[in-house]
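Working notes, structure below.
Quick note: numbers below take in every heavy atom, side chains included, and nothing from hydrogens, waters or symmetry partners. None of the values given here were measured: they were computed from a predicted structure.
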Amino acid sequence: MATNNQSIENTQTHDQRQFRFDWILGAILLLALFLYGWATWKAGSANAFYTAAIKSMTESFHNFWYGSFDPAGYITVDKPPVALWFMAISAKIFGLHGWSIVLPSVLFGVGSVYLMYRLVQPYFGKNATRLSALALTLTPIVVADSRTNNMDATLVFFLMLALYFLEKSIDSRKIWSLLISFALIGIAFNVKMLQAFMILPAMYLFYWLAANETWKKKITKLTLATVTLMVFTLAYPISVDMTPASSRPYVGGSETNSLLELAFGYNGSERLLGQTTGTGGTFGAGMNSKTTNKKGGGMPGGGTAPTGMKQNGKNQTPPGGKQMKGQPNGKGGPGKMGNGGGGGGAFNIGTAGPFRLFQSALGPEVSWLLPFAIFGLIGGLVYFRDRRKSWFNLSKQQKQLILWTSWLIPVYGFFSIASFFHPYYMIMLAPPISALFGTGVTALVSLFRNSVKTSWKFYLLPGAIVATAALQSWYVYSYYPWLTWLILVAAIGFSIGMAILPQGRAFQTLLVGGLLSIMAAPTWWSLTPTIAAESAMIPTAGPSLLTSSSNGMPGGGGGMGNSSVNTKLLNYVEKHQGNAKYLFATSDSTTAAPYIIKTGKAVMAMGGFNGTDSAITLTQFKQLVKNGDLKYFYYSGRSGNTKIINWIKKHGTKVKTSLYQSANGTGTQSGMGGSTKTPAKPTSSNSGKTLNGAPTGKKRPNRQPGMKPSTKKNSQATAKQTTNRTAAKSTHRQATMQTPGGMGGSGVLYDLSSIYK
């Protein structure tokens with residue numbers, strides 16, 4: 001009896017130790033809160049596409065439920081609304097501000113760091129747990145994503161919460177925890193669709209390996225869990241698809257007004273095979289897609305990546321190898337297309353292949369510690385083996401390593417071959433890399449100290465440090481050449497020192513130095529979004545964010561989502577709106593979003609995000625005009641419904657330019673982030689077109705002073721080269737700043753009210 005009581009007391013003491021607050025964890029959580037939340041009050045409109053939807057969702061429950069982009073409930077965003085629900089609730093409570101719409105992402109990001117601690121701690125001890133949580137906190141793309149109102153930080157939180165309940169179900173053997181775990185994946189599906197299913201192989205495999213039950217019970221429980229998964233996955237999409245189209249908004253991004261089709265089409269197979277619908281076709285050479293652009297250009301706005309731009313998996317450069325603006329030194333370092341950052345930009349995802357995630361287009365977002373994680377996995381599988389049993393009888397720690405590895409491998413494989421995604425999706429790799437890094441440090445240090453110098457196990461730790469430092473040196477070279485050599489010398493020096501002094505305090509000091517040498521660069525990269533107050537539509541991290549800010553480019557609210565309103569146009573249409581349902585219509589949501597955010601009034605984004613959705617027919621459009629629900633159409637030069645636009649051009653009346661445009665060609669940039677003056681017309685080239693293909697006026701010969709007139713063929717070649725060079729230099733500015741009326745120049749306002757009079 002005394003023995004039993006003593007056992008109970010020991011268990012209680014163990015539980016008290018387990019739940020005692022870890023002050024180092026507290027410091028890590030505070031660091032995460034600072035990195036993710038500091039200066040979010042400067043976020044402006046962040047991702048204006050989603051911010052407009054958040055504004056609309058606060059107007060009515062109907063808009064809230066469906067995730068309507070506009071207050072009239074005409075069309076939805078191109079994702080399910082679960083993540084936006086949290087943001088809309090925050091905006092409803094605190095008002096629509098940059099910080100209030102970003103707040104849920106900040107909290108979910110911090111929550112993911114805490115969940116990392118809770119997932120690793122029971123099996124690997126506090127040192128491994130703290131390092132795993134710290135690595136996740138300091139992953140650059142985690143910082144960048146957690147500072148925006150995109151869905152990725154929310155998605156990762158739900159995935160990690162699902163793993164937490166999966167672990168609980170194995171420990172307690174209670175089916176309810178297992179059902180909750182798979183239900184959370186179903187909810188995550190309604191955050192970002194099939195991307196949530198990437199960790200399902202890990203969950204099924206881990207439960208099968210780790211659950212101490214008969215195979216019949218495992219099959220029964222997993223079957224019930226799968227049913228639960230399907231229910232929570234499909235309940236919302238089916239309810240939307242079964243609702244009459246006349247009673248709900250059009251599903252943005254879909255071709256058949258179906259949320260299920262959106263999930264398995266635009267947000268499913270097209271992510272793997274190449275985009276052909278939704279936002280306007282394949283994203284140029286950077287997407288490495290063999291599919292044909294069916295609906296429009298690749299870049300938002302219907303344009304394509306500038307012609308002649310080379311894609312080599314490193315940088316995008318104009319013909320002749322001329323350096324792009326924003327690429328320090330112009331050497332092999334992180335590419336720079338899209339908004340400012342240290343990765344590949346909005347449309348550069350490197351070259352498909354097994355090493356794509358190590359390339360400079362994607363690697364600086366997430367792969368800083370990936371070599372160490374791989375070494376750590378090898379060392380962990382060796383060190384945590386139970387030598388009293390056969391090799392195939394896995395220990396608890398080995399099963400945990402398999403869990404994180406089976407998350408890493410499918411996601412790594414998908415992004416290695418996929419044709420359409422943005423670099424900020426790399427946040428999906430951050431949790432497994434962080435977990436394998438933290439646990440790997442524990443395993444490799446133990447192997448190092450317990451092995452003789454003639455054993456290969458002895459060299460895993462120094463090999464991991466040196467290999468990781470080598471990759472990081474390549475990443476930082478284009479920005480800080482001096483740091484390249486500092487990282488290499490420090491890593492090699494500390495590794496040699498550890499080999500000479502493998503025991504005692506000297507070893508501990510050298511180990512800390514070695515770890516700091518490979519944590520310094522990713523820490524600096526992760527600080528850049530915070531320092532630059534970056535909350536962009538296309539989140540990214542890297543020193544070029546600081547360059548952009550110092551050059552007068554917007555930090556907060558940067559990216560293609562920057563809110564931009566032509567106040568003269570707005571005043572005109574508001575004055576003449578009358579009883580019309582819509583303030584005005586335009587082709588795409590990028591043009592419409594700033595006006596929705598500014599006024600809270602209905603602006604019709606006729607074709608959704610990029611103007612290519614078949615959300616309305618010409619007959620339906622005519623009826624809106626005839627009924628007086630729509631009086632004005634603003635043509636920004638972007639892609640759209642050709643039939644409707646041609647009908648408008650033929651029958652509509654052009655409003656005098658002087659009534660809605662300033663005489664000097666500038667508009668007022670106004671919105672949640674204040675107002676500044678920005679040019680209404682870009683000067684990206686003199687070839688007669690803007691970067692996105694909108695006409696700029698009369699063509700002029702592309703001749704430099706002193707050059708003789710050339711033949712037509714040579715003239716065209718020269719014009720193309722000039723255009724490419726100029727476009728390359730202005731790519732960053734074009735993608736970061738949003739001019740009034742949409743990306744790429746001033747538009748034309750048509751009065752439709754007199755057509756049926």
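- The shortest side-chain heavy-atom distance between Pro237 and Leu260 falls under the 4.5 Å cut-off.
- Residues satisfying the side chain to side chain donor-acceptor pair (under 3.5 Å) criterion with Thr226, sequence neighbours excluded, are Tyr204.
- The closest donor-acceptor contact from the side chain of Ser535 to the backbone of Ala43 lies at 3.5 Å or more, if one exists at all.
- For the pair Thr468 (side chain) and Phe372 (backbone), a donor-acceptor distance under 3.5 Å is present.
- Other residues, nucleotides and ligands contribute more than 12 heavy atoms inside 6.0 Å of the CH2 atom of Trp208.
- In this structure, the separation between CD1 on Ile170 and OG on Ser181 is 9.0 Å, given to the nearest 0.5 Å.
- Under the 30°/60° scheme for interplanar angles, the aromatic rings of Tyr425 and His422 are found to stand perpendicular.
- Between Phe415 and Ile349 there is no side-chain heavy-atom pair separated by less than 4.5 Å.
- The side-chain contact (heavy atoms from CB on, under 4.5 Å) search around Ser589 returns Phe49, Phe69, Ala605, Phe609, not counting sequence neighbours.
- With rounding to the nearest 0.5 Å, the separation of CD1 in Ile427 from OG in Ser146 is 5.0 Å.
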Check: After noting the C-alpha distance and the side-chain angles of Val445 and Val441, does the key distance pass the side chain to side chain contact (heavy atoms under 4.5 Å, CB included) rule?
Finding: CA-CA 6 Å; Val445 169; Val441 171; 4.2 Å; yes
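- The structure places CE of Met57 at 9.0 Å from OG of Ser68, a figure rounded to the nearest 0.5 Å.
- At a threshold of 4.5 Å between non-hydrogen side-chain atoms, the residues Phe86 and Ser105 do not count as touching.
- Side-chain N/O atoms of Tyr207 and Glu213 include a donor and acceptor closer than 3.5 Å.
- The minimum heavy-atom distance linking Ser517 with Gln472 is given by the pair O-OE1, 4.0 Å.
- Checked by atom type and distance alone, the side chain of Glu59 never pairs as donor or acceptor with a backbone atom of Ser56 at under 3.5 Å.
- Contact annotation: the side chain of Thr228 never approaches that of Val231 to less than 4.5 Å [non-hydrogen atoms, C-beta and beyond].
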Next item on the list: Go through the steps to decide whether Thr58 and Leu96 satisfy the test side chain to side chain contact (heavy atoms under 4.5 Å, CB included), and finish with yes or no.
Entry: CA-CA 9 Å; Thr58 61; Leu96 189 72; 5.8 Å; no
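- For the salt bridge (Lys or Arg N to Asp or Glu O under 4.0 Å) condition, no pair includes a residue of residues 162-188, sequence neighbours left out.
- Annotation for Pro249 and Thr76: closest pair CB-CG2, 3.6 Å, computed over non-hydrogen atoms.
- In this structure, CG on Leu131 lies 14.0 Å from NZ on Lys126, to the nearest 0.5 angstrom.
- Under a cut-off of 6.0 angstrom, the local environment of CH2 in Trp38 is sparse, with at most 12 non-hydrogen atoms contributed by other residues, nucleotides or ligands.
- Here the side chain of Ser254 pairs no donor or acceptor atom with the backbone of Leu259 at under 3.5 angstrom.
- For residues 516-533, no pair satisfies salt bridge (Lys or Arg N to Asp or Glu O under 4.0 Å), with sequence neighbours left out.
- With ring centers used as reference points, Phe421 lies 6.0 Å or more from Phe414.
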Check: After noting the C-alpha distance and the side-chain angles of Leu119 and Trp404, does the key distance pass the side chain to side chain contact (heavy atoms under 4.5 Å, CB included) rule?
Finding: CA-CA 11 Å; Leu119 286 166; Trp404 294 111; 3.8 Å; yes
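- Ring planes of Trp85 and Trp65: parallel class, angle under 30° (limits at 30 and 60°).
- Nearest approach of Asn190 to Phe232, heavy atoms of both residues: ND2-O, 3.2 Å.
- Applying the side chain to side chain donor-acceptor pair (under 3.5 Å) rule to Ser60 yields the partners Asn63; only residues at least two apart in sequence or on another chain are considered.
- Nearest heavy-atom pair, Thr439 versus Ser132, reported as atom, atom and distance to 0.1 Å: N-OG, 3.9 Å.
- For Ser112, the side-chain contact (heavy atoms from CB on, under 4.5 Å) partners are Leu136, Val156, Phe157, Met160, not counting sequence neighbours.
- Listed by first then second residue, pairs satisfying salt bridge (Lys or Arg N to Asp or Glu O under 4.0 Å) with a partner in residues 146-158 read Asp152-Lys192, not counting sequence neighbours.
- Closest approach of Ile597 and Ala48 over heavy atoms only: CD1-O, 3.8 Å.
- With sequence neighbours excluded, the residues that form a side chain to side chain donor-acceptor pair (under 3.5 Å) with Asn149 are Thr51.
- Taking Tyr412 as the reference, nothing meets the side chain to side chain donor-acceptor pair (under 3.5 Å) condition, with sequence neighbours excluded.
- A donor-acceptor pair under 3.5 Å links the side-chain atoms of Ser367 to the main chain of Leu357, judged by distance alone.
- The aromatic rings of Trp368 and Tyr475 stand perpendicular to each other, their planes meeting at an angle above 60°, with 30° marking the opposite boundary.
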Side-chain donor-acceptor pairs under 3.5 Å in residues 22-36, sequence neighbours left out?
residue, atom, partner, partner atom, Å
Asp22, OD1, Ile24, N, 2.9
Asp22, OD1, Leu25, N, 3.4
Asp22, OD1, Arg130, NH2, 3.1
Asp22, OD2, Tyr117, OH, 2.7
Asp22, OD2, Arg130, NE, 2.9
Asp22, OD2, Arg130, NH2, 3.3
Tyr36, OH, Thr137, O, 3.3

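- Side chain of Ser169 to backbone of Leu166: a donor-acceptor contact under 3.5 angstrom is found.
- Annotation for Trp407 and Ala202: closest pair N-CB, 3.6 Å, computed over non-hydrogen atoms.
- Using a distance-only test at 3.5 Å, with no hydrogens or angles considered, a donor-acceptor pair links the side chain of Thr148 to the main chain of Asp145.
- Residues satisfying the ring-ring contact (aromatic ring centres under 6.0 Å, His included) test with Tyr50, not counting sequence neighbours, are none.
- Side-chain atoms of Lys79 do not come within 3.5 Å of backbone N or O of Val191 as any donor-acceptor pair.
- Side-chain atoms of Leu155 and Met428, non-hydrogen and from C-beta on, do get closer than 4.5 Å to each other.
- Glu365 and Thr540 share a donor-acceptor pair across their side chains, judged by distance under 3.5 Å alone.
- You'll find the side chain of Pro543 reaches within 4.5 Å of the side chain of Trp525, heavy atoms only.
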Note to self: Please evaluate residues Phe437 and Met519 with respect to the criterion side chain to side chain contact (heavy atoms under 4.5 Å, CB included), reporting the C-alpha separation (whole Å), side-chain torsions for both, the decisive distance (0.1 Å), and the verdict.
What the structure shows: CA-CA 11 Å; Phe437 168 75; Met519 291 296 293; 4.0 Å; yes
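- Judged by distance alone, with hydrogens and angles left aside, the side-chain atoms of Thr129 form a donor-acceptor pair with the main-chain N or O of Gln121 at under 3.5 Å.
- Although no hydrogens or angles enter the test, the distance criterion places a donor-acceptor pair under 3.5 Å between the side chain of Ser395 and the main chain of Phe384.
- For the side-chain contact (heavy atoms from CB on, under 4.5 Å) test, residues two or more places apart in sequence or in another chain that qualify with Leu377 are Leu381, Leu401, Thr405, Leu436.
- To the nearest 0.5 angstrom, Leu115 atom CG is 9.0 Å from Leu163 atom CG.
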